[in-house]
Amino acid sequence: MVSFSLVSIVAVLAATVAGSKRGFAVNDQVDVSKGGVTLNGFKSKISWTYNWDSNTSKKQPYAEFVPMLWGTQNYHTDQWTNNANTWISRGSKHLLGFNEPERPDQAALSPQAAADGWRKYMNKFAGRAKLGAPAVSNDGYNWLKDFLGKCHDCHIDFVPVHWYNDHTLEKDLEGWVNKICSLVGNRKVWITEFKGFGNQDQQRAFMKKATAFLDGKACVERYAYFGTANNNKDMLVGNGPRFSPLGYDYVYHD
């Protein structure tokens with residue numbers, strides 16, 4: 001039984017493309033269990049997942065799980081240290097910070113409050129995992145710039161951001177990523193949520209251009225297209241595990 005499980009896990013890992021930047025932003029209730037399967041001769045490009053939380057009951061054998069400290073509310077921070085330690089011991093190599101702190105309907109933190117929270121909850125993991133800054137969306141450039149100044153003594157290895165806009169505005173995504181890469185210096189950038197709004201065909205056309213840009217951009221280390229979440233499953237048929245045409249493109253094609 002044990003040897004069969006190990007062989008199965010190795011086979012799944014071998015079916016993913018080594019060094020791929022692509023991941024899933026996926027809630028635990030959404031089924032992406034087929035995300036590591038070789039299909040029609042194509043290996044999966046999915047190498048990591050996160051779920052906007054510091055724990056998961058749905059760790060995928062084909063991908064690294066990246067825990068997140070979503071915000072500084074007690075129901076996040078009370079479990080954070082234990083969960084982060086547990087997942088680092090299980091092989092997680094990265095941790096994510098606060099989610100869209102510039103937005104009042106998300107983590108809702110000032111740059112100073114986020115810097116204070118970073119020193120309290122995140123800095124202690126420096127050297128044990130790579131630490132990702134608070135993730136602003138494409139309305140948060142000034143917030144991020146202010147945070148980086150106020151947290152100049154913080155340990156931050158990479159900077160995640162989000163981007164949402166119409167499918168016709170792929171060049172705006174490129175401009176946003178270029179602007180962030182210039183801001184953060186030698187740090188790598190992750191795009192942990194992005195989406196070009198439109199129907200399946202429109203999103204597929206957008207994605208083809210966007211992923212080509214992101215895959216070729218040296219400062220971009222990882223990215224996750226938005227479409228495997230509770231409130232948007234555009235990359236899936238129903239709740240999964242089958243992929244829609246958009247999801248198939250994302251998982252398997254350049």
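Both backbone and side-chain heavy atoms feed into the values below; hydrogens, waters and symmetry mates do not.
- Taking D254 as the reference, K45 meet the side chain to side chain donor-acceptor pair (under 3.5 Å) condition, with sequence neighbours excluded.
- Considering only residues two or more places apart in sequence or on other chains, N138 meets the side chain to side chain donor-acceptor pair (under 3.5 Å) condition with none of them.
- Counting heavy-atom neighbours within 6.0 Å of N186 CG, excluding the residue itself, gives a total of 12 or less.
- Evaluation of the side-chain contact (heavy atoms from CB on, under 4.5 Å) rule for C181 yields V177, V189, K217, C219 as partners, not counting sequence neighbours.
- N199 and Q203 are not linked by any side-chain donor-acceptor pair at a separation below 3.5 angstrom, with hydrogens and angles left out of the test.
- By the side chain to side chain donor-acceptor pair (under 3.5 Å) test, D201 is found to be paired with no residue, residues two or more places apart in sequence or in another chain being considered.
- Judged by distance alone, the side chain of Q79 and the main-chain N or O of Y75 form a donor-acceptor pair under 3.5 Å.
- For the residue pair D234 / Y225, no side-chain donor-acceptor distance below 3.5 Å is found, with atom types taken as modelled.
- Shown here is R128, whose CZ atom has more than 12 heavy atoms of other residues, nucleotides or ligands within 6.0 Å.
- D249 pairs in a salt bridge (charged side-chain N to carboxylate O under 4.0 Å, His left out) with only one of the listed residues (K208, R22, K209, R204), which is R204.
- Remark: K124 pairs with T81 by the side chain to side chain donor-acceptor pair (under 3.5 Å) rule, at least two apart or across chains.
- Evaluation of the disulfide bond (SG atoms under 2.5 Å apart) test over residues 58-132, restricted to residues two or more places apart or in two chains, returns none.
- Within 6.0 Å of the NZ atom in K130, the count of heavy atoms belonging to other residues, nucleotides or ligands does not exceed 12.
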Query raised in the report: What's the verdict on ring-ring contact (aromatic ring centres under 6.0 Å, His included) for F42 and H253, showing C-alpha distance, side-chain angles and the deciding distance?
Result: CA-CA 8 Å; F42 294 102; H253 291 310; 4.6 Å; yes
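- Using modelled atom types, one side-chain atom of S47 and one backbone atom of S20 make a donor-acceptor pair closer than 3.5 Å.
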